[in-house]
**Student:** 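This structure is in structure tokens; I'll ask about it shortly.
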Protein chains: 2
Amino acid sequence: MYMKIFDLSSRELNLLIYFAQLRATEKEISITTSQIAEFFNTSQQTASRCLIRLNKELGLVSWRSTRKGSFVQINPLGLDILHQLRFELERALYPDLTTIHIQGSVFSGLGEGKYYISRSSYMDSFVKKLGFKPFHGTLNLRIQLDDVDRLDLIRGSWPVIIPGFEESGRQYGDVLCYEVKIPDISARVAAIVPRRTHYGSNVLELISEINLRAALNLKDGSELTINYSLDQTREYDK
Amino acid sequence: MYMKIFDLSSRELNLLIYFAQLRATEKEISITTSQIAEFFNTSQQTASRCLIRLNKELGLVSWRSTRKGSFVQINPLGLDILHQLRFELERALYPDLTTIHIQGSVFSGLGEGKYYISRSSYMDSFVKKLGFKPFHGTLNLRIQLDDVDRLDLIRGSWPVIIPGFEESGRQYGDVLCYEVKIPDISARVAAIVPRRTHYGSNVLELISEINLRAALNLKDGSELTINYSLDQTREYDK
DNA sequence: ATTACTACCTTGCGAGTAG
DNA sequence: TCTACTCGCAAGGTAGTAA
């Protein structure tokens, strides 16, 4: 999520789409540069160079080449690009869609979220970038499967990025935040997603300046709707 | 629908998306080349050239420039490109989605479809490209609004193109066909869409080798589900 | 202010070819 | 067969500037 879709050439973007269609998001696929070349009506040399650039320069795919062919897998950064493109495209084709509604059911986690967000470095960034001090706990929401593609849409938008850090030998990764609204509640709320498990999960963690579970009298299994506004223009915090 | 997404550069594609987000699909928008340049972090000159190419060479936007700025509107061909990209992207991100189901209700048209498809030039092409001789009539289906984005997905896929022609001074446009399935019916069926009204409509016309209305005992208001398979790889009939 | 031309220069393509 | 290097050339970038 540190790269924007217009940092890629059309070739590279199409190649990424092509790989994803061959399920290179899930597994390593086997392919030759001539196959790629044929698909794009271009030369084998260009295909080779694209692949190298997609791997070495852009870091969007993992890749190893042998005498017999190449093996490629799209990595999380590459998947980000695709979701980012989907988000922009959806806003382009359906400009009347200004809010995404997502429903999920509350469940109890292991308290990990609570532990993580209370690291002071994260806390400082939350205050600085989101403008509020989160209550010391997170609300876990399991999103119903029908809504996952809408959840992906949110994840494809440009997040507020809370940088990771290292503390006593332990790595804390980046956290991505998406500011959401809960109906009838004025308190500020954000969905947070660890950088690593960005996609492929149907779980959202919410933080807020208030204790949502108490304020809304939520129990495990309670249904909760969150709204995400798309009205922002593209604002990359560069 | 005569251009493929990889015939565009990344700049041009992003510019098209940008215009669409500003609702340039519906109306002419006012913009300056410096605004475009700033958005893409490029020079004003490059923005100008992109715009010219998008208009003159690619024919994806209509455009007029004045001393005070430019005025741009995306034309149907440009919208095609965006939907085509959406289709490929959807297949990339959700490879498990192999069939699109769409529900609509039957209604009676003015018999126009029947008149059009029975032109012998169309008929010959239907037989040649679809492999069956359509019954001399069409079945009109009004798609419910919730399914329109899925309908757009179908329209974004590469169609079988039935070329238009001229007959006794009258122009008959291209017709786009999408081969669909109707549950429990083995007869071959295709949805046909006139080239001009490709998007923005929630109406589908079906043709088949049999009389669907009679065979399925359909009345006005009957609900009908159609399935569209995405399992094809990209096959441009080029 | 604008747009868009010309001139220059950098990036990136394809052919040939080595490993 | 594969991949991926070098090299010559074409496409596409920016700067300056005219209208």
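Each chain gets a letter, A, B and so on, in the order the sequences are listed, and its residues count up from 1.
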**Student:** Can you name the residues that form a salt bridge (charged side-chain N to carboxylate O under 4.0 Å, His left out) with A/E57, not counting sequence neighbours?
**Tutor:**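 Salt bridge (charged side-chain N to carboxylate O under 4.0 Å, His left out) list for A/E57, sorted by chain: A/R53.
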**Student:** Considering only side-chain heavy atoms of B/T42, which listed nucleotide, C/dT3, D/dG13, C/dC13, is closest?
**Tutor:**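 Nearest to the side chain of B/T42 among the choices is D/dG13.
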**Student:** Could you state the interatomic distance from CD1 (B/I17) to CD1 (A/I5), rounded to the nearest 0.5 Å?
**Tutor:**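 Interatomic distance, B/I17 CD1 to A/I5 CD1, rounded to 0.5 Å: 5.0 Å.
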**Student:** For residues 63-75 of chain A, which residue pairs pass the salt bridge (Lys or Arg N to Asp or Glu O under 4.0 Å) check, not counting sequence neighbours?
**Tutor:**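 Listed once each, the pairs are A/E28-A/R64.
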**Student:** Rounded to the nearest Å, what distance is computed from the CZ atom of residue A/R67 to the P atom of nucleotide D/dT3?
**Tutor:**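 About 12 Å, once rounded to whole Å.
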**Student:** Using whole Å, what does the distance between atom P of nucleotide D/dT3 and atom CH2 of A/W63 come to?
**Tutor:**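 Atom-to-atom, A/W63 to D/dT3, this comes out as 9 Å.
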**Student:** From B/R86 CZ over to B/R91 CZ, what is the distance, rounded to the nearest 0.5 angstrom?
**Tutor:**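 So the gap between those two atoms works out to 14.0 Å.
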**Student:** Output one letter per nucleotide in nucleotides 6-12 of chain D: B when a protein non-hydrogen atom lies under 4.0 Å from the base, S when only the sugar-phosphate is that close, - when neither is.
**Tutor:** ------S
**Student:** Can you tell me the distance, in whole Å, between the CZ atom of A/F40 and the C1' atom of C/dG12?
**Tutor:**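 Whole-Å distance recorded here is 16 Å.
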**Student:** In this structure, how many angstroms lie between the P atom of D/dT3 and the CZ atom of A/R64, rounded?
**Tutor:**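 Checked: the CZ to P distance equals 13 Å.
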**Student:** Nearest whole angstrom, please: distance from the C1' of D/dT1 to the CD of A/Q35.
**Tutor:**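 Distance, rounded to whole Å: 13 Å.
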**Student:** How many whole angstroms separate atom NZ of A/K68 from atom C1' of C/dG19?
**Tutor:**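 My rounded result for the distance is 16 Å.
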**Student:** CG of A/L54 versus P of C/dG12: gap in Å, rounded?
**Tutor:**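 To the nearest whole Å, that distance equals 14 Å.
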**Student:** Would you tell me whether B/Q45 and B/S48 have side-chain atoms, one donor and one acceptor, within less than 3.5 Å of each other?
**Tutor:**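 Judged by distance alone, the side chains do not pair up.
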**Student:** Using a 6.0 Å distance limit plus a 45 degree cone around the ring axis, check whether A/R170 lies over the aromatic ring of A/Y172.
**Tutor:**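 Pair A/R170/A/Y172 counts as cation-pi.
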**Student:** Figure out the CD1/C1' separation between A/I31 and D/dT1, and round it to whole Å.
**Tutor:**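 Nearest whole value for this atom pair: 16 Å.
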**Student:** Please determine if a side-chain N or O atom of B/S65 lies less than 4.0 Å away from the OP1 or OP2 oxygen of C/dA4.
**Tutor:**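 For C/dA4, OP1/OP2 do have a side-chain N/O of B/S65 under 4.0 Å.
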**Student:** Kindly compute the distance separating OG (A/S65) from CG (A/L51), expressed to the nearest 0.5 Å.
**Tutor:**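 Answer rounded to 0.5 Å: 8.5 Å.
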**Student:** I want to check one thing: is the phosphate of D/dT3, taken as OP1 and OP2, less than 4.0 Å away from some side-chain N or O of A/S70?
**Tutor:**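 Looking at the OP1 and OP2 atoms of D/dT3, one of them is under 4.0 Å from a side-chain N or O of A/S70.
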**Student:** Base, sugar-phosphate, or nothing: which does B/S48 touch, judged by heavy atoms less than 4.0 Å apart?
**Tutor:**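 Here B/S48 touches the bases of the nucleic acid.
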**Student:** Given that B/Q44 and B/A47 both sit by DNA chain D, which one's nearest nucleotide is further toward the 5' end?
**Tutor:**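 The 5'-side residue here is B/A47.
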